[in-house]
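This report refers to the structure that appears directly beneath it.
Nothing here was measured: the structure is a model prediction, and the numbers come from that model. Note that ligands are numbered from 1 as they come in the structure, with each ligand's atoms numbered from 1 the same way.
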Amino acid sequence: MNDFKENILSGRVALITGGGTGIGREIARTLGNHGAKIVITSRKQDVLDGAKKEFEKETIECLAMASDVRNPEEVEQVITSVIEKWGRLDIVINNAAGNFPALIDKISYNGFKTIVDIDLMGTYNVTKAAYTAYMKAHGGSIVNITAPFEHWGVSYQSHVAAAKTGVESLTRTCAVEWAQLGIRVNSVAPGFITGTEGEKRFEAVKVENANLLKGTKQDMANAVLFLVSDSASFISGVCIRVDGAVGVDMLKIAAV
Ligand code: NAP
């Protein structure tokens, strides 16, 4: 639920990577409920089909296409199919990511590389393909889902922090290089979000949820909706932390 008008994205087409679960699923539903046609991708077709069924009950038009963001050819294929079917691709949400908590010396070389490949390279692959196939000629809006790790050291998260900080940098550079083409590129950095895979994984290492306020998947989706809407038409190259102030809480002392 939010206060935005129902039809603010009508006529637009939005691709959400990792759109079958968690925050991505809520972003997809929210953009769909505000008029966009939705394309969701991830590696598991059955999960995507489940989400598509749910969206269709809410009269959202949805394509569900399995593809791995690490594979540029698969990504290009998805984008080509979307443009063939619906003739456009106005919005891209780079949400797909991996995560597991681990201290630096305990992560395998492959584990660290996998996170960089999914989060950073995956964002680059999808962004480049959308730019080349559609946005370069028509403009568009891209939102990268990151994490509020850019300015702090965060234990158990060296791999994710490195990858997401790379995504923040890519966000700013894309925004600058493509501004004159009418392409806006921003990021949303969630804090700990209740009811997500991320939250579950961190219970295992008893990392305290240090959010100063409680965040929901809908809070993430609302921030993304604002950024892709025409109300944000002069906003590009920024990161909105949607994290209840955890990203500026240097000492991370939970409120008592
Ligand atoms: P999630 O449910 O695990 O979402 C990640 C999605 O990415 C899944 O749908 C997964 O589907 C997909 N994915 C993973 N690897 C992929 C690949 N190689 N190619 C394509 N899709 C892939 O987790 P979430 O908690 O909702 O997180 C969503 C985003 O928010 C992520 O970017 C995460 O870093 C960020 N975030 C979350 C929190 C939090 O508290 N939850 C905090 C900070 C940041 P498949 O397994 O089917 O591929």
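Among all heavy-atom pairs drawn from Val82 and Arg88, the shortest one is CG1-O, 3.9 Å. When every heavy atom of Ser229 is checked against every heavy atom of Leu9, the shortest pair comes out as CA-CD2, 4.3 Å. Thr41 and Leu48 get closest at one heavy-atom pair: C-CD2, 3.7 Å. Residues Gly11 and Asp90 share a closest heavy-atom pair of O-OD2, 4.2 Å. Counting all heavy atoms, side chain and backbone alike, Asp68 lies closest to Glu74 at N-OE1, 2.7 Å. Of all non-hydrogen atoms in Cys239 and Ala189, the two that sit nearest each other are SG-CB, 3.7 Å.
At a 4.0 Å heavy-atom cut-off, ligand 1 touches Ile145 through backbone and side chain alike. With a 4.0 Å heavy-atom cut-off, ligand 1 is reached by the side chain of Arg70 but not by its N, CA, C or O. Residue-level proximity to ligand 1 for Leu48 is absent, since no heavy atom of it falls below 4.0 angstrom.
Under the 4.0 angstrom criterion for non-hydrogen atoms, Thr146 is in contact with ligand 1. Under the 4.0 angstrom criterion for non-hydrogen atoms, Thr17 is not in contact with ligand 1.
When only interatomic distances are considered, the shortest N/O to N/O separation between Arg201 and ligand 1 does not fall below 3.5 Å. At a 3.5 angstrom cut-off on N or O pairs, Ile193 counts as close to ligand 1. Distances between N or O atoms of Pro190 and those of ligand 1 include no value under 3.5 Å. The distance criterion of under 3.5 Å between nitrogen or oxygen atoms is not met by Asp119 with respect to ligand 1. Any N or O atom pair closer than 3.5 Å counts here, and Thr41 shares no such pair with ligand 1.
Ring geometry for Phe112 versus His159: interplanar angle of 30 to 60°, hence tilted.
Using modelled atom types, one finds a donor on one side chain and an acceptor on the other under 3.5 Å when comparing Thr171 with Asn144.
Near Ser67, with a cut-off below 4.0 Å to any heavy atom, the atoms of ligand 1 are 19 (N), 20 (C). Within ligand 1, the atoms closer than 4.0 Å to a non-hydrogen atom of Glu197 are 1 (P), 2 (O), 3 (O), 23 (O), numbered from 1 in the order shown. Atoms of ligand 1 lying under 4.0 Å from any heavy atom of Gly22, numbered from 1 in the order shown and given with element: 2 (O), 26 (O). Of all the atoms in ligand 1, the ones that sit under 4.0 Å from a non-hydrogen atom of Lys164 are 31 (C), 32 (O), 33 (C), 34 (O). Of all the atoms in ligand 1, the ones that sit under 4.0 Å from a non-hydrogen atom of Thr196 are 25 (O), 39 (C), 40 (O), 41 (N). Within ligand 1, the atoms closer than 4.0 Å to a non-hydrogen atom of Phe192 are 40 (O), numbered from 1 in the order shown. Close approach to Ile23 involves these atoms of ligand 1, each under 4.0 Å from a residue heavy atom: 26 (O), 28 (C), 30 (O), 37 (C), 41 (N). The Asp68 neighbourhood of ligand 1 comprises atoms 17 (C), 18 (N), 19 (N), with distances under 4.0 Å to a heavy atom of that residue.
At the top of the distance list for atom 46 (O) of ligand 1, counting protein heavy atoms only, stands Lys44 NZ, 2.8 Å. Among protein heavy atoms, the minimum distance from atom 13 (N) of ligand 1 is reached at Ala96 CB, 4.0 Å. The shortest contact between atom 2 (O) of ligand 1 and any protein heavy atom is with Thr21 OG1, 2.7 Å. Among protein heavy atoms, atom 19 (N) of ligand 1 sits closest to Val69 N, 3.0 Å. Among protein heavy atoms, the minimum distance from atom 16 (C) of ligand 1 is reached at Arg43 NE, 3.5 Å. From the protein, the heavy atom lying nearest to atom 5 (C) of ligand 1 is Ala97 O, 3.6 Å. Closest to atom 31 (C) of ligand 1, if we only count protein heavy atoms, is Asn95 O, 3.2 Å.
The option with the heavy atom closest to atom 10 (C) of ligand 1, from among Ser42, Gly24, Gly195, Gly20, is Ser42. With Ala51, Gly191, Gly198, Ala147 as candidates, the residue nearest to atom 42 (C) of ligand 1 on a non-hydrogen basis is Gly191. Compare Gly18, Ala163, Gly215 by their heavy atoms: the one nearest to atom 12 (C) of ligand 1 is in Gly18.
At distances below 3.5 Å, not a single donor-acceptor pair connects side-chain atoms of Lys37 with backbone N or O atoms of Glu61. Asn7 places no side-chain N or O within donor-acceptor distance of the main-chain N or O of Gly35, the cut-off being under 3.5 Å. Between the side chain of Glu76 and the main chain of Asn71, no donor-acceptor pair closer than 3.5 Å is present.
Partner of Asn186 under the side-chain contact (heavy atoms from CB on, under 4.5 Å) criterion, chosen from Ile235, Ile240, Val224: Ile235. Tested against Asn222 for a side chain to side chain donor-acceptor pair (under 3.5 Å), the candidates Asp3, Thr216, Thr30, Asn2 yield a single pass: Asn2.
Using a 4.0 Å cut-off between a side-chain N of Lys or Arg and a carboxylate O of Asp or Glu, Lys53 and Glu56 do not qualify as a salt bridge. One finds a salt bridge joining Glu197 and Lys200 here, because a Lys/Arg side-chain nitrogen approaches an Asp/Glu carboxylate oxygen to under 4.0 Å.
Residues Val126 and Leu63 fall within the same hydrophobic cluster, defined by Ile, Leu, Val, Met, Phe, Trp and Tyr side chains chained together at heavy-atom separations under 4.5 Å.
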